[in-house]
Visitor: 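Just passing along the structure, written as structure tokens.
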Amino acid sequence: MTLHELPLSDITVVSLEQAVAAPYATRQLADLGARVIKLERPGEGDFARRYDTTVHGHSSYFVWLNRSKESLTLDVKDPRGREILHQLLDGADVFVQNLAPGAADRLGLGVDALTERYPRLIPCTISGYGTTGPWADRKAYDLLVQCQTGLVSLTGTAEETARVGISVADIAAGMYAYTGVLTALYTRATTGRVHPVEVSLFEALAEWMGQPANYTRYGGSQPARIGTQHATIAPYGAFTTADGKQVLFSIQNEREWAALCTGFLLQPALTNDPRFATGSDRVAHRAELNAIITERFARSDAEDILKDLEDIGIACAGVNDVEAFLNHPVLSARNRWHEVTVPGATVQALLPPTDLAGLPTRMDPVPAIGEHTNPILTDLGLSPTEINALRADGVV
């Protein structure tokens, strides 16, 4: 079986993308075999290339988000560059863009213009706060959206808020853009109808705020900010063991609560203690409950705590740092790390999390800036002389 047999091997995606959200969406399309042509600014490229230089001189963000793509440098503000883009769109199935507010329309690349000129093309727009509404013209970055959705107010300790440690708004938007494009491709294939896709960072993360939104609207106050403890379930959090390590465990139902009382806390009477009778009771009396658990944890090392909890069927885990995650036995035993080439080096990258039985995994190189410019333009019929002239003028 070859990569040509991957589900999207007959799909071409042109992406005018930068940063995280759009590249994450298109990389997942590339994972499934799509040809993704990434348009980058001549001489500069996607600004995510310069977020850091930690991966053999390359950005950790860019290496994560851009494998298996082709890089074409193109100044789409220049009429000649825009004409090349339109030639590419003539043969494309999907066009993804996350330009600054209003930029696509100014370039004649808005949804209405594209659908009129290319009836089979699926345009996908990723914005900050939506293309309509009072904030349509605002720029948005991940942490700004974390703040606007209230996520930051839920994250951290009682004393201090904190951002989520990954680009969660960008990732959410990229995931919804990816699934939206897949849905639009399926609809086009089965009905012939084309539905443009639009996703905003704000609305993607707003969806992920569903539980605290319900809790706050109908409970009268938002979930408390309590570090590694769960705001609305108890006991569910990390506790310190006798050897100074942290172990997190979770009780999800009354059967597990009874097992914890009897088999771990060794206090079976707690099962029927009215302070802890239900999940809501345990949250209301969290401080008293945590004191009992803290005393038990202080009598055993982490290794013994984990074994005791596992023996009675309680979900638990040590609190890893990133280095421990990199060496996690599940990832190694399941062969999740694979090599990917970056310009000048080879790096380890995780396989896509969705396994499709019987299909190969695509883990092609991360491109250098403009690496595929000449072959792409040659395929469009441009001669070496024409390409050199465009390069001299800074169009490619």
Side-chain angles (χ1 to χ4, degrees), residues 1-17 20-40 46 61-72 85 87-98 118 120-124 126 171 173-192 194-197 199 334-343 346-368 370-373 375-380:
M1 182 170 289
T2 68
L3 290 176
H4 294 295
E5 296 175 79
L6 283 169
L8 299 185
S9 61
D10 60 344
I11 298 297
T12 296
V13 179
V14 176
S15 191
L16 196 51
E17 62 181 27
V20 177
Y24 188 49
T26 58
R27 196 219 73 194
Q28 293 177 92
L29 296 170
D31 289 343
L32 292 177
R35 181 189 188 193
V36 176
I37 300 174
K38 180 184 180 76
L39 306 183
E40 301 194 66
D46 180 343
Y61 281 88
F62 194 87
V63 169
W64 166 45
L65 296 167
N66 290 283
R67 65 172 181 254
S68 303
K69 299 180 185 179
E70 300 172 39
S71 173
L72 166 65
L85 170 56
Q87 288 181 263
L88 291 171
L89 294 178
D90 276 330
D93 298 280
V94 179
F95 175 62
V96 178
Q97 63 89 6
N98 67 334
Y118 308 103
R120 294 192 74 257
L121 181 71
I122 297 169
C124 176
I126 301 176
I171 293 168
M175 285 298 303
Y176 286 119
Y178 163 62
T179 57
V181 167
L182 291 180
T183 302
L185 286 168
Y186 176 80
T187 302
R188 190 187 70 175
T190 55
T191 71
V194 170
H195 297 284
V197 177
V199 177
R334 287 175 52 79
N335 297 316
R336 303 310 294 179
W337 292 107
H338 279 244
E339 289 188 346
V340 169
T341 301
V342 301
T346 298
V347 301
Q348 294 292 312
L350 285 170
L351 292 172
T354 302
D355 292 325
L356 296 174
L359 291 179
T361 300
R362 185 182 189 188
M363 301 287 280
D364 289 351
V366 175
E371 179 179 342
H372 302 90
T373 298
I376 291 173
L377 296 182
T378 299
D379 286 345
L380 292 177

Visitor: Just wondering, do L29 and I11 contact through their side chains at under 4.5 Å, heavy atoms?
Guide: no

Visitor: When you look at K69 and T26, which way does the side chain to side chain donor-acceptor pair (under 3.5 Å) test go after all the steps?
Guide: CA-CA 9 Å; K69 299 180 185 179; T26 58; 2.8 Å; yes

Visitor: Does some side-chain heavy atom of S68 sit less than 4.5 Å from a side-chain heavy atom of V36?
Guide: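 Contact flag for V36/S68 side chains = no.
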
Visitor: What is the distance from atom OG1 of T179 to atom CD of Q28, rounded to the nearest 0.5 Å?
Guide: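 CD of Q28 is found 9.0 Å from OG1 of T179.
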
Visitor: Over all heavy atoms of both residues, which pair between E371 and P375 is shortest? Give the atoms and the distance, please.
Guide: O-CD, 4.4 Å

Visitor: Looking only at side-chain N and O atoms, does E339 offer a donor or acceptor that is under 3.5 Å from a partner on T346?
Guide: no

Visitor: Hey, what do you get for CG (L72) to CD1 (I376), rounding to the nearest 0.5 Å?
Guide: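 Atom-to-atom, L72:CG and I376:CD1 are 4.5 Å apart.
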
Visitor: Can you name the side chain to side chain donor-acceptor pair (under 3.5 Å) partners of R336, sequence neighbours left out?
Guide: D355

Visitor: I'd like to check L121 versus V194 (side-chain heavy atoms, cut-off strictly below 4.5 Å). Are they in contact?
Guide: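 A side-chain contact under 4.5 Å is absent here.
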
Visitor: Indicate yes or no: at least one non-hydrogen side-chain atom of Y176 is less than 4.5 angstrom from one of V197.
Guide: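 No. Closest side-chain heavy atoms not under 4.5 Å.
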
Visitor: Which heavy atom in R362 sits nearest to a heavy atom in L6, and how many Å separate them?
Guide: CB-CD1, 3.9 Å

Visitor: Do you know the tightest heavy-atom contact between G370 and S71?
Guide: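 Residues G370 and S71, closest heavy atoms: N-OG, 2.8 Å.
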
Visitor: Heavy atoms only: give me the nearest A34-V13 pair and the separation to one decimal.
Guide: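 Where A34 meets V13 most closely, the heavy atoms are CB-CG2, 4.2 Å.
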
Visitor: Stepwise, does the side-chain contact (heavy atoms from CB on, under 4.5 Å) test hold for N98 with E17?
Guide: CA-CA 6 Å; N98 67 334; E17 62 181 27; 3.9 Å; yes

Visitor: By ring-ring contact (aromatic ring centres under 6.0 Å, His included), which residues pair with Y178, not counting sequence neighbours?
Guide: none

Visitor: Between CG of L88 and CZ of F95, what distance do you get to the nearest 0.5 Å?
Guide: 10.0 Å

Visitor: Can you tell me how far CD of E5 sits from CG of D10, rounded to the nearest 0.5 angstrom?
Guide: 12.5 Å

Visitor: Which atom pair, heavy atoms only, marks the closest approach of Q87 to L380?
Guide: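 Smallest interatomic distance, heavy atoms only, reads NE2-O, 3.6 Å.
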
Visitor: Roughly how far, to the nearest 0.5 Å, is the NZ atom of K38 from the CZ atom of R27?
Guide: 12.0 Å

Visitor: Can you tell me how far OG1 of T12 sits from CD1 of I37, rounded to the nearest 0.5 angstrom?
Guide: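 Between atom CD1 of I37 and atom OG1 of T12 there are 6.0 Å.
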
Visitor: Before giving the answer on side-chain contact (heavy atoms from CB on, under 4.5 Å), spell out for V366 and V347 the whole-Å C-alpha distance, their side-chain angles and the decisive distance to 0.1 Å.
Guide: CA-CA 10 Å; V366 175; V347 301; over 6 Å; no

Visitor: For a 4.5 angstrom cut-off between non-hydrogen side-chain atoms, does D93 reach L8?
Guide: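 A side-chain contact under 4.5 Å is absent here.
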
Visitor: Can you find a heavy atom in the side chain of V199 that is under 4.5 Å from one in the side chain of M175?
Guide: no

Visitor: Testing D46, N66, T373 for side-chain contact (heavy atoms from CB on, under 4.5 Å) with E40, which one passes?
Guide: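 Checked D46, N66, T373 against E40; only one passes side-chain contact (heavy atoms from CB on, under 4.5 Å): D46.
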
Visitor: For residues L356 and L32, determine if any side-chain heavy atom of one lies less than 4.5 Å from a side-chain heavy atom of the other.
Guide: yes

Visitor: A side-chain contact here means heavy atoms from C-beta on lying under 4.5 Å apart; do L350 and W337 qualify?
Guide: yes

